Amino acid sequence: MAEPVALGLTPISRADVVAVARDGVGVRLTDEALRAVAQSREHIERLASRPEPTYGVSTGFGALAVRHIPPARRTALQHAVVRSHAAGAGPEVEAEVVRGLMLLRLRTLAMGHSGVKPSTVEALAGMINAGIVPVVREYGSLGCSGDLAPLSSIALALTGEGDVRVDGVLRPAAEALRQAGITPVELAEKEGLALINGTDGMLGMLIMAVADLRGLIRVADLTAAMSVEALLGTDRVFQAELHALRPHPGQGESARRMAEILADSEIVASHRGPDCTRVQDAYSLRCSPQVHGAALDTIAHAELVADRELASAVDNPVVLADGRVESNGNFHGAPIAYVLDFLAIPVADVASMAERRTDRMLDVARSHGLPAFLADDPGVDSGHMIAHYTQAAVVAELKRLAVPASVDSIPTSAMQEDHVSMGWAAARKLRKAVDGLTTVLAIELLTAARALDLRAPLKPATATAAAVAALRTRVPGPGPDRHLAPEIAAAEELIRSGGIK
């Protein structure tokens, strides 16, 4: 197992988030983090002892912030806010999303601007390291005041209430904490609010999505190159000097990759020269680097936003270095919500272009000599016809998922929260979109591999031949009607192993 991710006063990386959320890597709190947490807690305790009210310390929350809470009721207040806000509904979200939530909330708390007790951050770190995954529901966050309901479910488990999963098994939180040697947290002033007021869910899902999409765009370059090859297209449009005339970074990267993939293809070489009548390929072939590259540039922008958020202490109110506790609006999810929505657009477009390439390989009028639907015996079997139907259905769904969530807003909390980001919803639909793009590219991969086989005895490029060979080791039988995740895994492994940079 990798070394635990250190949480201190400096930002963690996107790779750290993926490691903890997906790979089960643990965390550790640095000494400087624990000192900063202790110092901010001292400021909160000093304010709590004063007669004048301080929001989040000695008052109610949201529309109830005008009520001053006496000292004897403040622990009850903090537990009550967690219980009342843990009101999510719907199916459970994925364990990796929950671990991302826990890590990113702990990251903010460890920066020393939230006023929680050191024992509280240590307990939350202990839950992560023990593999305790609170049950978090699909619906409940509006992406303003952060991901309130999802984070409240985690805070509830931290206090020994609610349900969790350990190794996938549903258990009462109190039992799981006891077995892990973790004492349930007794919440003091400010702590309930600090545990639930952040953009952690949408940020975690953004970070995992961009990691996935980086790999999927590389796969899209591979499948597009295979389709160009299978359709007797030209590789001349991928020359570096052409793309230098329009210097978008992603476009140049995608064109370079496709050119390298096709460099030694006998199939492409077979129709080069003065006798070739193929002057211009269809846009879905010729313009692949422009579309894939624009997707890469969009991902780069989303990564920039994610990195800025990873450097942020997202809470309300916050404890400043001089001890002041100030209300703010940094919990609003708009910066993350926008890029979550933005990413869904190139996901849909990259998938749409892949579907168009797939369709060309199945149509005898446009496939340049390939059999109808790539069938062994057209008419007796349907080849890849219905695989393409599936691909088209997924692309249609991806277009619906590209409709932005962040342009919607439903006022809540008696009009106190009168504009919300819907960032959690944007993140949830992006996760579905990433899954959909995976399926679409898997179908193109299978279809192009079949088409390349049919171009024998001409040999495909070394990289595409390796992709076809990798598929043969994972795919039983001649037809495409099977679960597609192994095919994408094969392509991604080919890329990781050094075949395609």
Side-chain angles (χ1 to χ4, degrees), residues 88-94 96-97 100 136-144 147 150 199 201-220 223 250 284 291-292 294-303 305-306 333-359 387-410 420-445 483-485 488:
E92 294 180 40
V93 302
E94 304 82 1
E96 67 179 25
V97 173
V136 174
R137 301 292 175 179
E138 176 85 14
Y139 302 105
S141 173
L142 299 178
C144 202
D147 294 315
T199 56
M202 58 187 104
L203 175 58
M205 286 187 277
L206 172 62
I207 289 168
M208 286 184 274
V210 295
D212 290 338
L213 289 172
R214 279 280 176 194
L216 285 173
I217 298 303
R218 287 194 294 272
V219 172
T223 61
S284 61
V291 172
H292 298 178
L296 285 171
D297 292 342
T298 305
I299 293 167
H301 173 63
E303 289 169 338
V305 172
I336 307 170
Y338 292 163
V339 292
L340 287 162
D341 278 336
F342 191 4
L343 285 168
I345 295 172
V347 166
D349 204 35
V350 169
S352 180
M353 184 173 254
E355 181 274 327
R356 289 291 80 206
R357 293 189 296 261
T358 302
D359 179 62
H388 175 241
Y389 280 30
T390 298
Q391 193 185 46
V394 174
V395 168
E397 177 66 11
L398 290 175
K399 293 175 181 178
R400 289 187 286 270
L401 291 171
V403 175
S406 57
V407 297
D408 190 17
S409 179
I410 298 179
V420 296
S421 78
M422 296 295 180
W424 174 274
R428 297 305 296 167
K429 70 183 181 66
L430 180 60
R431 285 179 69 85
K432 295 176 184 176
V434 170
D435 288 345
L437 176 59
T438 303
T439 298
V440 168
L441 293 177
I443 292 171
E444 183 185 16
L445 184 66
H483 183 61
L484 296 165
I488 283 296

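FYI, the numbering just counts along the sequence from 1. All values derive from a computational prediction rather than experimental measurement.
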Ignoring hydrogens, what is the shortest heavy-atom contact between [X] and [Y]? Give both atom names and the distance.
{"X": "Val440", "Y": "Leu398", "result": "CG2-CD1, 4.5 Å"}
{"X": "Ala295", "Y": "Val350", "result": "CB-CG2, 3.9 Å"}
{"X": "Ala220", "Y": "Arg357", "result": "O-NH2, 4.1 Å"}
{"X": "Ala426", "Y": "Asp341", "result": "CB-OD1, 3.4 Å"}
{"X": "Ala433", "Y": "Val347", "result": "O-CG1, 3.5 Å"}
{"X": "Ala209", "Y": "Leu430", "result": "CB-CD2, 3.6 Å"}

Let me confirm one number: the [atom1]-[atom2] distance from [X] to [Y], rounded to the nearest 0.5 Å.
{"X": "Ile207", "Y": "Asp212", "atom1": "CD1", "atom2": "CG", "result": "12.0 Å"}
{"X": "Ile336", "Y": "Met205", "atom1": "CD1", "atom2": "CE", "result": "10.0 Å"}
{"X": "Thr298", "Y": "Leu343", "atom1": "OG1", "atom2": "CG", "result": "7.0 Å"}
{"X": "Leu296", "Y": "Ile217", "atom1": "CG", "atom2": "CD1", "result": "5.5 Å"}
{"X": "Asp349", "Y": "Lys399", "atom1": "CG", "atom2": "NZ", "result": "9.0 Å"}

*Go through Arg356 and Asp359 one step at a time and tell me if the salt bridge (charged side-chain N to carboxylate O under 4.0 Å, His left out) criterion holds.*
CA-CA 5 Å; Arg356 289 291 80 206; Asp359 179 62; 3.4 Å; yes

Test item: [X] side-chain N/O and [Y] main-chain N/O as donor-acceptor pair under 3.5 Å:
{"X": "Ser352", "Y": "Ala348", "result": "no"}
{"X": "Trp424", "Y": "Glu138", "result": "yes"}
{"X": "Arg137", "Y": "Pro91", "result": "no"}
{"X": "Ser406", "Y": "Met422", "result": "no"}

*Please lay out, stage by stage, how Leu213 and Leu437 fare under the test side chain to side chain contact (heavy atoms under 4.5 Å, CB included).*
CA-CA 9 Å; Leu213 289 172; Leu437 176 59; 4.0 Å; yes

_Residues Asp147, Met202; criterion side chain to side chain contact (heavy atoms under 4.5 Å, CB included); working and verdict_ = CA-CA 8 Å; Asp147 294 315; Met202 58 187 104; 3.3 Å; yes

*Is any side-chain heavy atom of Glu303 closer than 4.5 Å to a side-chain heavy atom of Leu206?*
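No, side chains not in contact.
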
_I want to check something: taking the side chain as every heavy atom from C-beta on, are Val136 and Glu92 in contact at a cut-off of under 4.5 Å?_
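In short, these two side chains do not touch, never coming nearer than 4.5 Å.
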
*asked:* Using a strict threshold of under 4.0 Å (side-chain N to carboxylate O), is an ion pair present between Lys429 and Glu397?
replied: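 No, no charged N to carboxylate O under 4.0 Å.
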
*Classify the side-chain pair Thr358/Gln391 by whether it contains a donor and acceptor separated by less than 3.5 Å.*
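Note: Thr358 and Gln391 side chains meet the donor-acceptor criterion.
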
*Before giving the answer on side chain to side chain contact (heavy atoms under 4.5 Å, CB included), spell out for Arg431 and Val97 the whole-Å C-alpha distance, their side-chain angles and the decisive distance to 0.1 Å.*
CA-CA 10 Å; Arg431 285 179 69 85; Val97 173; 3.6 Å; yes

